[in-house]
Amino acid sequence: NSHIPCIPYDDKQRLWRGLRSKRRPRLVIFAAVRLFAARALPRTPFTCECGGMFHWISALTFLYVYFRGIAPLLLTKKNKLAIFLALGCISQQHAVMRLFGSLASSELPFVVLVVLGWLFISFILLALLLLLQDAANGLLLLARAFGPRWSLPGSRVARTKLLLILALTLAAYGEWEAIRVPDVHTVETTLERLPPALDGITLVQITDPHASALLRGPRVRAIVDSVM
């Protein structure tokens with residue numbers, strides 16, 4: 001296809017050669033990423049018609065998480081390649097959902113939407129935890145100039161596994177809190193100028209139910225039923 005935006009003609013030829021050749025896995029990955037960007041990401045005149053700024057920030061975060069968190073792990077090349085591709089898709093969760101409709105009304109099963117949301121939140125939390133770890137390492141390295149030779153406990157691989165488990169656990173809790181029927185909060189208010197006939201009146205406010213392909217009709221009905 002000679003009409004892929006943002007990819008020069010010579011670059012396209014290299015991509016297609018890479019896709020046809022089993023000896024060029026890097027070109028295959030590069031081709032898949034560029035084609036995905038050209039097809040799935042929203043087009044804007046400010047990003048050469050290949051995606052919004054949010055997607056490029058997610059892509060940079062993906063590279064940081066992979067090379068700082070996954071690459072040092074003792075895994076085979078095939079496993080690392082599989083994780084690289086999976087993590088890349090997770091980082092572009094919003095673009096993946098656009099392939100099946102839109103962010104608000106993606107034509108994907110409920111379970112798939114929940115898993116995608118959980119994995120994307122885990123990805124963001126892991127990036128933040130790795131960033132905090134690198135910041136702590138930087139401070140400890142700076143402290144060595146003044147004498148103390150402190151370091152973070154455990155090996156780098158062990159810390160990465162711990163951070164991954166922590167990110168997955170926190171994301172699972174956050175995802176559950178997002179999709180469950182929220183608690184009803186009752187607040188009693190005294191109004192001095194309220195007419196006696198309205199004494200004891202009950203007002204119900206339902207704010208931001210976020211009805212969507214993920215939070216569908218049954219959840220909205222359950223919210224309404226919980227306040228009746």
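Small disclaimer: the values here were computed from a predicted structure and weren't measured.
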Checklist outcome for this item: Rounding to 0.5 Å, atoms CD1 (Ile83) and NZ (Lys78) come to a distance of 14.5 Å

Checklist entry - Among pairs that include at least one residue of residues 120-142, which meet ring-ring contact (aromatic ring centres under 6.0 Å, His included), considering only residues two or more places apart or in two chains? => result His94-Phe120

Item to check | Leu125 versus Ala167, closest heavy-atom pair with distance | outcome: CD1-O, 3.7 Å

Checklist entry - How close do Arg219 and Ala178 get, heavy atom to heavy atom, and via which atoms? => result NH2-O, 3.5 Å

Next on the checklist: Donor-acceptor check, side chain of Tyr66 to backbone of Gly88, threshold 3.5 angstrom: yes or no?
Outcome noted: no

Item to check | Approximate separation, where rounding is to 0.5 Å, of Ile121 CD1 and Leu116 CG | outcome: 11.0 Å

Checklist entry - Is any side-chain heavy atom of Phe84 less than 4.5 Å from a side-chain heavy atom of Ile70? => result no

Checklist entry - Closest heavy-atom contact between Ala222 and Val181? => result CB-CG2, 3.6 Å

Checklist entry - Is Leu63 reachable from Ile90 through a run of I, L, V, M, F, W or Y residues, each pair having side-chain heavy atoms under 4.5 Å apart? => result yes

Item to check | Side chain proximity check, Asn137 to Leu141, heavy atoms < 4.5 angstrom | outcome: no

Item to check | Distance, nearest 0.5 Å, that separates CZ of Phe62 from CZ of Phe67 | outcome: 7.5 Å

Checklist entry - Which value, rounded to the nearest 0.5 Å, describes the distance between Ser91 atom OG and Leu119 atom CG? => result 11.5 Å

Checklist entry - Are Leu129 and Leu140 joined in one hydrophobic group, where the rule is that I, L, V, M, F, W and Y side chains link up if heavy atoms are under 4.5 Å apart? => result no

Checklist entry - Hey, any chance Ile179 and Val220 share a hydrophobic cluster, counting ILVMFWY side chains that come within less than 4.5 Å of each other, even indirectly? => result no

Item to check | Side-chain (Trp118) to main-chain (Leu168) donor-acceptor, under 3.5 angstrom | outcome: yes

Next on the checklist: Under the rule for side-chain hydrogen bond (donor to acceptor under 3.5 Å, both in side chains), what residues qualify as partners of Glu175, not counting sequence neighbours?
Outcome noted: none

Checklist entry - Do you know the tightest heavy-atom contact between Ala171 and Ser122? => result CB-OG, 3.1 Å

Checklist entry - If two hydrophobic side chains count as joined below 4.5 Å and joins carry through other members, does Trp150 share a cluster with Leu142? => result no

Checklist entry - How long is the span from the CD1 atom in Ile201 to the CG atom in Leu194, to the nearest 0.5 Å? => result 7.5 Å

Checklist entry - How many angstroms lie between CG in Asp183 and NE2 in His185, if you round to the nearest 0.5 Å? => result 5.5 Å

Next on the checklist: Is there a side-chain contact between Arg68 and Arg156 in this structure, where contact means two heavy atoms from C-beta onward sitting under 4.5 Å apart?
Outcome noted: yes

Next on the checklist: If you compare all heavy atoms of Ala127 against all heavy atoms of Thr61, which two are closest, and at what distance to 0.1 Å?
Outcome noted: CB-CG2, 3.5 Å

Next on the checklist: Please check this pair: side chain of Lys80 against backbone of Ala71, looking for a donor-acceptor N/O pair closer than 3.5 Å.
Outcome noted: yes

Checklist entry - So, for Tyr64 and Asp134, which heavy atoms are closest and what is the spacing to 0.1 Å? => result OH-OD2, 2.6 Å

Next on the checklist: Applying a strict under-4.5 Å side-chain criterion to I, L, V, M, F, W and Y, I'd like to know whether Tyr173 and Leu128 cluster together.
Outcome noted: no

